[in-house]
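Report on the structure given below.
Note: hydrogens, waters and symmetry copies are ignored here, and every other heavy atom, side chains too, is used. Within every chain, numbering begins at 1; the chains are lettered A, B, ... in the order of the sequence lines, protein sequences first and strands thereafter.
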Amino acid sequence: DQVLHIVPETIQQVQHLQLLCSTFMLDLWKPLLPEDIRAGEDLHIRVPAPLVQEMKDSLAQHMISYRVLIPDVQKLVDQSMPRERSSHRQVSGGYVYTEYHPMEEIYQWMTQIQKNNSELVTQHILGKTFENRTMYYLQISQPSNKTKKIIWMDCGIHAREWISPAFCQWFVKEILQNYKTDPKISRFLQNLDFYVLPVLNIDGYIYSWEEDRLWRKSRSPYENGTCYGTDLNRNFNSSWGSVGVSFNCSSDVFCGSGPESEPETRAVAQFIKSKKSDILCYLTIHSYGQLILTPYGSTTKPPSNNEELMQVAKEAAAALKGKYGTSYRVGSTASILYSNSGSSRDWAHTIGIPLSYTFELRDTGTHGFVLPADQIQPTCEETM
Amino acid sequence: MSPVPCGDALPPPRPLRPRPALPAGGGSGARAMELPPGHFPAARAAAVAVEYLRYLRGGPGSGLRLRELQRARRQDIDDVGHKYYLELELEDVLDKDRTVSCTAEVLYHLGSKTSAPDVQLTVQGELRSTEEADKEFYNRIRSLEKELVAENIPDSHGNVPPELEPIHLLAWVASGYVIWQNSTENTKFHLAQVKHVKQVKRNDEDLQFDFVLLLHEMVSQEVLPWEVTLLWHPQRGARVPQSRAAGAGSS
């Protein structure tokens, strides 16, 4: 679409322009009504793209001179929309971190992130989901001659917890944008590698976009295809099937047919096992509840390093609260929330990863799983 | 409905050192023991109190949310049930700087699956008056030519169009009632989403909304659809003449 600037000189030209306006139903920007078009006065008229040439031909035929005021209306509209802060562009070419993204876009984002930050980021295959989709994780690692300890973080083990993958993406962006300038982040990267799995339960996440926003589990079929999905966070080999689960596929806490029965679980478990002597910290991100949860879910008996776990968690909660005043409760799942078994966090701790936490992000039930996108930024900022 | 102040013959409060909760039924007859407010037994009881208050005091112009559970005690009463004594701080979602304090007693009846917990509350402090907003909403809905229909509030991205915010808050009133009625010590409900709402025009002065509400239950992680009819009037407040769990849920 273009906007033309015309100053009609004669009454005949005015009449012709009025005719054009009504014939083509043109969008008059100035004046507002055709009857107010006057000779010698400015006329601004928006012409839809398919009519531009015909309009210009007609003006030329009637010897009406014009000037193109706006050559591309859409472009101007796009530029004026407050879509994203320019700082995001450097990291991945204009990705909007303050919106929720479907899986296709997250796949593209991962490719872009590696491309734009190849000195630090490599994308790796972890395994495949039940519906045969590839699970990728991002390794953020500063080249160095010393072997570094690993911090692992996975998001989106439960499909409906959309703020969780949003946080993983934000986290990656934040690290890559600031590692050169922020001394804390730069020190982290000197000594640690980050491994980030932005969406663990890809099949479920896609299902929550396309079919059922409040879906939780994976999408593997049971009972002859009459029932779908295992709760991946009940499927790990930590007191599997003992408490806080159901053996009925139709339940939202169905723990699967056995520990690690699900390909997603196996993909994660295999990888973590292979690297376990180097993994310092296992983080798994969920919503909602505003909680930092420590082991265990299946028993109230505290883990051997409970004091250290609690101290670190309390400091994290305090730092988090310092940002926007958001309160997070801290403690073991069994005391704070409910009993459960087969969680990834408990499993990570039992195989020897000392610092193992579940984060339940905003909020506390007001919006629950459907957290408005305008809370993505504050949630992610405080959690960083 | 005037709230009944709690504060009958309670034993003097214990020193505020949080103690691990005793297993249910293991408590002695009549003494109230201090509970850590961050742990789930107190949190679940607090949720019930808040939902009950939303039913009593909520409306199209106001919604309350729990800001902090400050203190919780539990008393195991032989042959009766478990009674929780709570001190809560609440905030008005439309006026976040305004908080009110509330003391609540939540009694879960022993072994009962069918009886709702008894809740008594005292609210200290002023809630913002919503008389104007209520009247304006009432008149707007009454003058609609076509009955209001809406679905997915909030939508998948958490958005609620401003003109539907009062309906959203009335859904809190309706879900407040259902949650209160159906809570036990082993559940914690929140309204996950309004699946569907339809206004039903009436011959009397009440507004009627038929809701399909999706309730998220934290312990089982289930999302349960409920069909709830809500009647509301600016002076008379809310009433739920009918509610039932809908057919097999999507999970």
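- Heavy-atom distances place the backbone of Leu191(B), and not its side chain, under 4.5 Å from chain A.
- Note: Asn186(B) CG to Ser339(A) OG = 10.0 Å, rounded to the nearest 0.5 Å.
- The minimum heavy-atom distance between His39(B) and Arg329(A), with the atom names listed, is N-NH1, 4.3 Å.
- Contact detail for Met218(B) and Tyr288(A): the closest heavy-atom pair is CE-CE1, 3.8 Å.
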Candidate pair Gln221(B) and Arg216(A), rule side-chain hydrogen bond (donor to acceptor under 3.5 Å, both in side chains), full reasoning | CA-CA 8 Å; Gln221(B) 288 296 331; Arg216(A) 168 181 168 89; 3.1 Å; yes
Derivation of the side chain to side chain contact (heavy atoms under 4.5 Å, CB included) call for Thr364(A) and Leu66(B) = CA-CA 9 Å; Thr364(A) 51; Leu66(B) 179 67; over 6 Å; no
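- In terms of heavy atoms, Leu337(A) sits closest to Arg44(B) at O-NH2, 3.0 Å.
- Residue contact with chain B, scored on non-hydrogen atoms closer than 4.5 Å, involves the backbone and the side chain of Thr366(A) alike.
- With a threshold of 4.5 angstrom between heavy atoms, Ala43(B) approaches chain A through side-chain atoms but not through N, CA, C or O.
- Proximity to chain B (any heavy atom under 4.5 Å) is restricted, for Leu371(A), to the backbone atoms N, CA, C and O.
- There is no contact between Arg67(B) and chain A, counting heavy-atom distances below 4.5 Å.
- Closest approach of Tyr338(A) and Phe40(B) over heavy atoms only: N-CD2, 4.1 Å.
- To the nearest 0.5 Å, the span separating NE2 on His216(B) from CZ on Phe369(A) amounts to 3.5 Å.
- Scanning residues 151-164 of chain B against chain A with a 4.5 Å heavy-atom cutoff picks out Pro154(B), Asp155(B), Ser156(B), His157(B), Gly158(B), ordered by number.
- Other residues, nucleotides and ligands contribute only 12 or fewer heavy atoms inside 6.0 Å of the CD atom of Glu126(B).
- Around the CZ atom of Arg244(B), the shell of radius 6.0 Å holds no more than 12 heavy atoms that belong to other residues, nucleotides or ligands.
- When all heavy atoms are compared, the tightest approach of Asp252(A) to Ser220(B) is CB-O, 3.9 Å.
- Two residues are said to be in side-chain contact when any heavy atoms from C-beta on lie closer than 4.5 Å; Glu222(B) and Val253(A) fail this criterion.
- Among residues 58-65 of chain B, the residues having any heavy atom closer than 4.5 Å to a heavy atom of chain A are, in sequence order, Arg65(B).
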